[in-house]
Amino acid sequence: MDQTTNREYEYKGLCINGFLMIFFTFILLPALMILIIINTTEDTIGRSVAILLPLFFIFILGCVGYFVQEPNVARVMIFFGKYKGTCKKVGYFWVNPFLNRKKLSLRIRNMDIEPIKVNDKIGNPVLIGMVLVWRIRDTYKVVFDLDSQSLGGQTNSISNQALQNFVRIQSDAALREVTGHFAYDQTDSGTSNELTLRDSGQEINDLLEKKINERLAMAGMEVVEARINYLAYAPEIAAVMLRRQQASAIITAREKIVEGAVSMVEMALTTLEEKNVVTLSNDQKASMVGNLLAVLCADEPLTPTLNANV
């Protein structure tokens, strides 16, 4: 069967209003039992006992079948090992006391995945963490396909810790898989539209959400949102990568400076020629270009020198 197929269905068995059953269980039955005891004589004691025992047994069973259910809470009904449906009604009800009612919360849950060390596409170790929002989608799979039964007197509920452990382990595996297909930052391949972990936030989050959903579908859970909230180089290479980024920034800045300086020199020469301010030879133009570029591209102001040769 397809993992994405929802296998749960609504419980259609006996489900009576709890307040009506309170009137029957704690008023009518005790009143009937008291009435029988009062009217019992020596001649009818055997018949009275034969009637009182079934009534007492019905009273005990009636006290067991009550439960209160809030919005976004479900109970998986199991009758001697057989799945009978999932009850999602809100209110106070009474059902067959022999039904085992596994309680599940359908509310949205939040999980902060601690940063883990993963190698990116080019082998650089990075620390990456994410925030996960998830919920239960298929109560049948959670109860019967996932080993999540709680112990220690809570047999009618599902262990929240077991669910969180499953989601955490599968999310870590999906995070490692997605991280291994992308580089932390732009590489030297020359591809300007390359997806990276640092720049392609929404695309990476969408892919991460898809991968996690594929893994959680087997256990009847789904991811509402998954997004990376922490991304950094691992400590052992952080300093080296910082210097690399600084060098890349310096190169980019230098390219801009040189591009602007060349444009300014070209504009100066063109203006001098168009206005006939001075006529320069090729050697003089080369000297002028060199001086202007030195002034415009220098990190610090240059000190002018005068040629004293006559």
Side-chain angles (χ1 to χ4, degrees), residues 1-36 49-109 134-167 170 216-222 224:
M1 182 177 291
D2 188 0
Q3 292 182 355
T4 60
T5 303
N6 196 320
R7 300 168 65 183
E8 74 171 29
Y9 56 86
E10 184 67 23
Y11 173 69
K12 299 184 182 300
L14 181 66
C15 188
I16 304 174
N17 185 286
F19 297 102
L20 179 63
M21 285 302 298
I22 284 180
F23 176 77
F24 174 79
T25 303
F26 296 100
I27 296 179
L28 289 182
L29 278 179
L32 182 60
M33 294 170 67
I34 293 173
L35 183 62
I36 293 174
V49 171
I51 297 174
L52 284 173
L53 286 178
L55 291 178
F56 180 76
F57 180 72
I58 294 174
F59 174 77
I60 296 299
L61 291 180
C63 296
V64 178
Y66 295 95
F67 71 93
V68 178
Q69 188 150 281
E70 301 174 351
N72 286 325
V73 175
R75 277 178 167 81
V76 177
M77 304 298 188
I78 305 173
F79 186 70
F80 292 103
K82 184 177 181 180
Y83 175 64
K84 303 300 289 185
T86 300
C87 180
K88 297 181 181 180
K89 297 180 180 179
V90 177
Y92 185 45
F93 301 101
W94 184 92
V95 295
N96 186 344
F98 292 104
L99 283 173
N100 188 4
R101 305 180 293 274
K102 297 290 185 181
K103 184 178 179 181
L104 287 172
S105 175
L106 306 181
R107 294 164 182 164
I108 294 176
R109 313 181 196 193
W134 62 281
R135 64 185 176 188
I136 293 176
R137 182 178 59 87
D138 188 339
T139 57
Y140 179 94
K141 291 181 180 179
V142 171
V143 174
F144 297 105
D145 292 349
L146 180 65
D147 186 12
S148 60
Q149 305 298 322
S150 62
L151 303 177
Q154 298 181 354
T155 56
N156 286 335
S157 62
I158 302 300
S159 173
N160 187 54
Q161 187 62 39
L163 297 179
Q164 289 185 352
N165 289 339
F166 181 84
V167 174
Q170 296 302 322
L216 296 186
M218 69 179 75
M221 291 174 278
E222 67 175 353
V224 179

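Residues take their numbers from the sequence shown, with the count starting at 1.
Within the model, atoms SG of Cys63 and CD1 of Ile58 stand 12.0 Å from one another, a figure rounded to the nearest 0.5 Å. The line from CE of Met221 to CG of Leu163 is 5.5 Å long, rounded to the nearest 0.5 Å. Remark: Ile27 CD1 to Phe24 CZ distance equals 12.0 Å, nearest 0.5 Å. Rounded to the nearest 0.5 angstrom, Ile136 CD1 and Glu8 CD are separated by 10.0 Å. Considering CD of Gln69 and NZ of Lys88, their distance stands at 10.0 Å, rounded to 0.5 Å. Atom-to-atom distance recorded for Lys12:NZ and Cys87:SG is 11.0 Å, nearest 0.5 angstrom.
Among all heavy-atom pairs drawn from Gly62 and Trp94, the shortest one is O-NE1, 3.0 Å. Listed here is the closest heavy atom pair of Met77 and Val95: CE-CG1, 4.4 Å. The two residues Tyr66 and Gly18 have their closest heavy-atom pair at CE2-O, 3.4 Å. When all heavy atoms of Val142 and Ala219 are compared, the closest pair comes out as CG2-O, 3.2 Å. Scanning all heavy atoms of the two residues, the minimum distance from Leu106 to Ala74 falls at CD1-CB, 3.9 Å.
Between Phe57 and Leu53, the closest side-chain pair of non-hydrogen atoms is not below 4.5 Å. Side-chain contact between Val76 and Leu104 is present, with heavy atoms from C-beta onward closer than 4.5 Å. The shortest distance between side-chain heavy atoms of Asp145 and Arg7 falls below 4.5 Å. With a 4.5 Å cut-off on side-chain heavy atoms, Leu14 and Ile16 count as touching.
By the 4.0 Å N-to-carboxylate-O rule, Lys89 lies too far from Glu10 to be salt-bridged with it. Looking at Glu70 and Lys103, no side-chain N of the basic residue comes within less than 4.0 Å of a carboxylate O on the acidic one, giving no salt bridge.
Between the side chains of Asn72 and Arg135, no donor-acceptor pair is found at a separation under 3.5 Å.
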What do the steps show when you test Lys102 against Phe144 for side-chain contact (heavy atoms from CB on, under 4.5 Å), and what is the final call?
CA-CA 11 Å; Lys102 297 290 185 181; Phe144 297 105; over 6 Å; no

What verdict does the side-chain contact (heavy atoms from CB on, under 4.5 Å) test give for Arg75 and Thr86, after you've listed the backbone C-alpha separation in whole Å, the side-chain angles of each residue and the deciding distance to 0.1 Å?
CA-CA 6 Å; Arg75 277 178 167 81; Thr86 300; over 6 Å; no

side-chain contact (heavy atoms from CB on, under 4.5 Å) evaluation trace for Phe166 with Gln161:
CA-CA 9 Å; Phe166 181 84; Gln161 187 62 39; over 6 Å; no

Using the side-chain contact (heavy atoms from CB on, under 4.5 Å) rule, take Arg107 and Val73 through it: C-alpha gap first, then chi angles, then the decisive distance, then the call.
CA-CA 7 Å; Arg107 294 164 182 164; Val73 175; 3.9 Å; yes

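Annotation: Phe56, atom CZ; neighbour count of heavy atoms from other residues, nucleotides and ligands within 6.0 Å does not exceed 12.
Within the 3.5 Å criterion, the main-chain N or O of Pro97 finds no donor-acceptor partner in the side chain of Arg101.
A search for side-chain contact (heavy atoms from CB on, under 4.5 Å) contacts involving Asn17 returns Phe19, Leu20, not counting sequence neighbours.
Each of Tyr9, Tyr83, Tyr11 was compared with Tyr140 under the ring-ring contact (aromatic ring centres under 6.0 Å, His included) criterion, and only Tyr83 meets it.
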